[in-house]
Amino acid sequence: MICQFASDVLRIHLHQQEGVLETEWLGSAKGEALRQGLSETLRLARLYRVHGWIANHRQLGPITPADQDWIQEQYMPVFRMLPLQRFGLVYSGDPFGRLSIHNIMARAQGQLGCEVQQFALVEEARRWVLEAVAVR
């Protein structure tokens, strides 16, 4: 696993042989910090044509309504075009963060073009995502 990007709020790792991106939010992110981090995830996912994604939101706090709208309008249309097979989501430890992610995922339901599963532990998400891409 190679670190491709690091900021105060986000780390992005690449499992290069498997073609899997792993993102880890390191705390609350809002506005420009959130949007820049999300944009970087898309840039790297497209660059490496990843087939799996592990999204660790364990430490991510609530996402503002304005940022949720931005995600739906700007981020999701590009996300849907990725050649993903599986997206493993580790939900936030913050109840409001979990609600934010739930709202985003509910709005995108059925439009992501890949299998989506939510997990309590990053190890579970990693195992599930890597198991699918290993057989591609």
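Residue indices begin at 1 and follow the sequence shown.
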Give a yes or no on whether the backbone of Gly97 and the side-chain of His57 come within a donor-acceptor separation of less than 3.5 Å.
-> no
Run the side-chain contact (heavy atoms from CB on, under 4.5 Å) check on Leu10 and Leu34 step by step: do they pass?
-> CA-CA 9 Å; Leu10 176 65; Leu34 178 77; over 6 Å; no
Got a sec, which residues hit side-chain hydrogen bond (donor to acceptor under 3.5 Å, both in side chains) with Asp69, two or more places apart in sequence or on another chain?
-> Arg107
Can you sort out the partners of Ala106 under side chain to side chain contact (heavy atoms under 4.5 Å, CB included), two or more places apart, ordered by chain and number?
-> none
Intermediate values then yes/no, side-chain contact (heavy atoms from CB on, under 4.5 Å), Phe79 and Leu42 | CA-CA 7 Å; Phe79 182 93; Leu42 288 179; 4.2 Å; yes
If Ile, Leu, Val, Met, Phe, Trp and Tyr residues are connected whenever their side-chain heavy atoms lie under 4.5 Å apart, and connections chain through other members, are Tyr48 and Ile54 in the same group?
-> no
Is it the case that one hydrophobic cluster holds both Leu112 and Leu84, taking links as side-chain heavy atoms less than 4.5 Å apart, direct or via other members?
-> yes
Taking atom CD of Gln109 as the centre, does the number of heavy atoms from other residues, nucleotides or ligands within less than 6.0 Å exceed 12?
-> no
Between Cys114 and Gln85, the two heavy atoms sitting closest are CB-O, 3.5 Å
What heavy-atom pair brings Ser28 and Gly61 nearest, and what distance separates the two atoms?
-> OG-CA, 3.4 Å
Starting at CG of Leu60, measure out to OH of Tyr91 and round the result to the nearest 0.5 Å.
-> 15.0 Å
Among all residues two or more places apart in sequence or in another chain, which pass the salt bridge (charged side-chain N to carboxylate O under 4.0 Å, His left out) test with Arg80?
-> none
Are the side chains of Leu14 and Leu44 in touch, meaning some heavy atoms are under 4.5 Å apart?
-> no
What's the verdict on side-chain contact (heavy atoms from CB on, under 4.5 Å) for Val20 and His51, showing C-alpha distance, side-chain angles and the deciding distance?
-> CA-CA 6 Å; Val20 171; His51 294 276; over 6 Å; no
Same apolar cluster (I L V M F W Y, side chains within < 4.5 Å links), Ile12/Val90 = no
Hits for side-chain hydrogen bond (donor to acceptor under 3.5 Å, both in side chains) against Ser100, two or more places apart or cross-chain, chain-then-number order -> none
Can you get from Val78 to Ile104 by hopping between Ile, Leu, Val, Met, Phe, Trp and Tyr side chains that sit under 4.5 Å apart?
-> yes
List the steps and the verdict of side-chain contact (heavy atoms from CB on, under 4.5 Å) for Asn56 and Trp25.
-> CA-CA 6 Å; Asn56 184 352; Trp25 292 96; over 6 Å; no
Contacts of type salt bridge (charged side-chain N to carboxylate O under 4.0 Å, His left out), residue Asp67, not counting sequence neighbours = Arg35
Give every residue pair that meets the side-chain hydrogen bond (donor to acceptor under 3.5 Å, both in side chains) criterion with at least one member in residues 5-14, sequence neighbours excluded.
-> Arg11-Glu24
With sequence neighbours excluded, tell me which residues meet side-chain hydrogen bond (donor to acceptor under 3.5 Å, both in side chains) with Tyr75.
-> Thr41
Of all residues at least two apart in sequence or in a different chain, which pass the side-chain hydrogen bond (donor to acceptor under 3.5 Å, both in side chains) check with Ser92?
-> none
For a quick test of your reading: what N or O donor-acceptor pairs under 3.5 Å do the side chains of residues 115-130 make, sequence neighbours left out?
{"residue": "Glu115", "atom": "OE2", "partner": "Arg86", "partner atom": "NE", "Å": "3.3"}
{"residue": "Arg126", "atom": "NE", "partner": "Glu22", "partner atom": "OE1", "Å": "3.0"}
{"residue": "Arg126", "atom": "NH2", "partner": "Glu22", "partner atom": "OE2", "Å": "2.6"}

Validation row: Leu82, Trp53 side chains within 4.5 angstrom (heavy atoms) | yes
Report the distance from atom CE of Met1 to atom CD of Gln17, rounding to the nearest 0.5 Å.
-> 14.0 Å
Please examine the side chains of Pro62 and Leu99, heavy atoms only from C-beta on, and report whether any two atoms are closer than 4.5 Å.
-> no
Treat each ILVMFWY residue as a node, draw an edge where side-chain heavy atoms are under 4.5 Å apart, and state whether Met81 and Leu21 are in one component.
-> no
Thr64 versus Gln68: any side-chain heavy-atom pair under 4.5 Å?
-> no
